[in-house]
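Each remark here refers to the structure printed beneath this line.
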Amino acid sequence: MKLSLSTLDKLPETVARPSYHRKDLSPGILHIGVGNFHRAHQAVYLDKLFNTGRDLDWAIIGAGVKSFDADRRLLMQDQDWLTTVVELDPHGLSAGINGAMIDFLDVDGETLINKLADPAIRIVSLTITEGGYFVDAAGGFDADHQEIVRDAANPGAPQTVFGLLLAGLQLRHSLGHAPFTILSCDNLPENGQVTRQSIEGLANLISPDLRDWVSENVAFPNSMVDCITPGTSQREIDMVRDTFGIEDASPVVCEPFRQWVMEDNFPLGRPALEQVGVEFVDNVVPYETMKLRILNAGHAAIAYPAALLGHQYVHDAMADPDIASWLVQLMRREVIPVLQPIAGVDFDAYLETCVSRFANPAIGDTIARLCQDGSNRQPKFVFPTITDALAKDTDIEGLTLEVALWCLYCAQPGFVVEDARADRLSTAALASKSDPAAFLSIRDVFGDLAANDRFANAFTRQMGELWTQGPRHVIQRYLRKAN
Ligand code: NAD
């Protein structure tokens, strides 16, 4: 059955569908970047809220600036902007039709600017990928990026998201409407701050007065988002048709786990998302730290031993008792003890959810993906915990072993190291066989950490044992050690 509003009633009973009517919805949110993640995450929370009969004036208008979005718009137009969302539950797939998006703007700057000036739009949310924020290598605003230079010179005909937002805010202001809240839902630490930096950075190039006005009047709440959402290929389109009887040109599959933590800073109001599981907090940063150090570092911790032991998929690795126990013991013994507590949050319970998410075979995540980009990920996910543990004089045995396993991985001649520093990593990792300090001497990765004797000595010992005894043996010995 081809998906559309007129066929909703004819879909198989097993498919969940909206209990609200499209005609009762009115717009409140304009979302830029209608990729898969938005449709698996934000749109699902809103759909759940609308199903309770609440806040029907917060429906989503889709928008975008890339050809990707124009293509997606064409695919969704014929199905009245409906999306099939399939949750990859290991106990059985489930499908629901999401009706939270009621329109999708033509991918055209003028159309977008005019809609941004509509007072009904009170929140503009973004999923434009980490690369969409014009952040330079030092974490600042990349004012020299050619797209920014072009928008700064042509503020009346902008093409970047930030140039368009500024033009929309100015038009809105000239019409006497208060500014919308800008809500980034991209996977960046302090994503609200990063968004503010980009928009104020561009505004400053146009006029310092504009920058000051944005700085004083526009809210950028930080938010932490989570829900593994793979891309859609013909395989998923066929699966949705064959399993659920729905012909959807652009379905979404995702894990059943979903988390959204955000700062409650919405001057023009917001939907009551706390009714459907969204957590509103004063400060998102501790939650991001938890995610980086347990979820992301957990992925890093299993990636390299899993690759060294020949596992291809993440769920295969988690079915290996040594790897699953290694993950849990490392987190319990060395990572969780140095995390700043968060009132009402149980880190052990969070770890348990990560373990079951990693073990979900329906997601089909690969070890090769987790092994990528180690020289960028280790300093973000693992080294801060080591630094804290050194400062607090707590155990670093497993943390150092994690780094040593990464080094051993980089030294394997048969592995393709996918990393911007791949050649330097592989050369230094091979040299570590006779001189472990060679790996730590990659200064732009390890920084001052290499100079810490306690860390360097532990690393040297772990490397020696890994080279002579192999990863499984060394991990098993770590597991046998009493707490
Ligand atoms: P996707 O490829 O399905 O969609 C990407 C969207 O970003 C498209 O709408 C595209 O047009 C837009 N985009 C890309 N570059 C842009 C730019 N420079 N300017 C404006 N728009 C741009 O990807 P997705 O799965 O929807 O993921 C998008 C983002 O969501 C991720 O980069 C991440 O920040 C966040 N996220 C994704 C997941 C996941 O598992 N997919 C999980 C958590 C968070």
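Since the model is a prediction, treat every value here as computed from it, not as a measurement. Throughout, residue positions are numbered sequentially from 1 according to the sequence presented. Basis for what follows: all heavy atoms, side chains included, without hydrogens, waters or symmetry-related copies. We count ligands from 1, going down the list as the structure has it; atoms in each ligand are counted the same way.
A distance limit of 4.0 angstrom between heavy atoms and ligand 1 selects the residues G33, V34, G35, N36, F37, V65, K66, F68, D69, T127, I128, T129, E130, G132, V161, D186, N187, V225, C227, I228, T229.
The pair R332-E352 meets the salt-bridge criterion, since a charged nitrogen lies less than 4.0 angstrom from a carboxylate oxygen. Contact check on D57 versus R122 returns a salt bridge, with a Lys/Arg side-chain nitrogen under 4.0 Å from an Asp/Glu carboxylate oxygen.
A side-chain donor from one of E279 and Q259 sits under 3.5 Å from a side-chain acceptor of the other. The closest side-chain donor-acceptor pair between T83 and N98, if any, does not fall under 3.5 angstrom. Using a 3.5 Å distance cut-off with no hydrogens or angles, the side chains of S125 and Q42 do pair a donor with an acceptor.
Identified under the salt bridge (charged side-chain N to carboxylate O under 4.0 Å, His left out) test for residues 63-83, with sequence neighbours left out: R73-D106.
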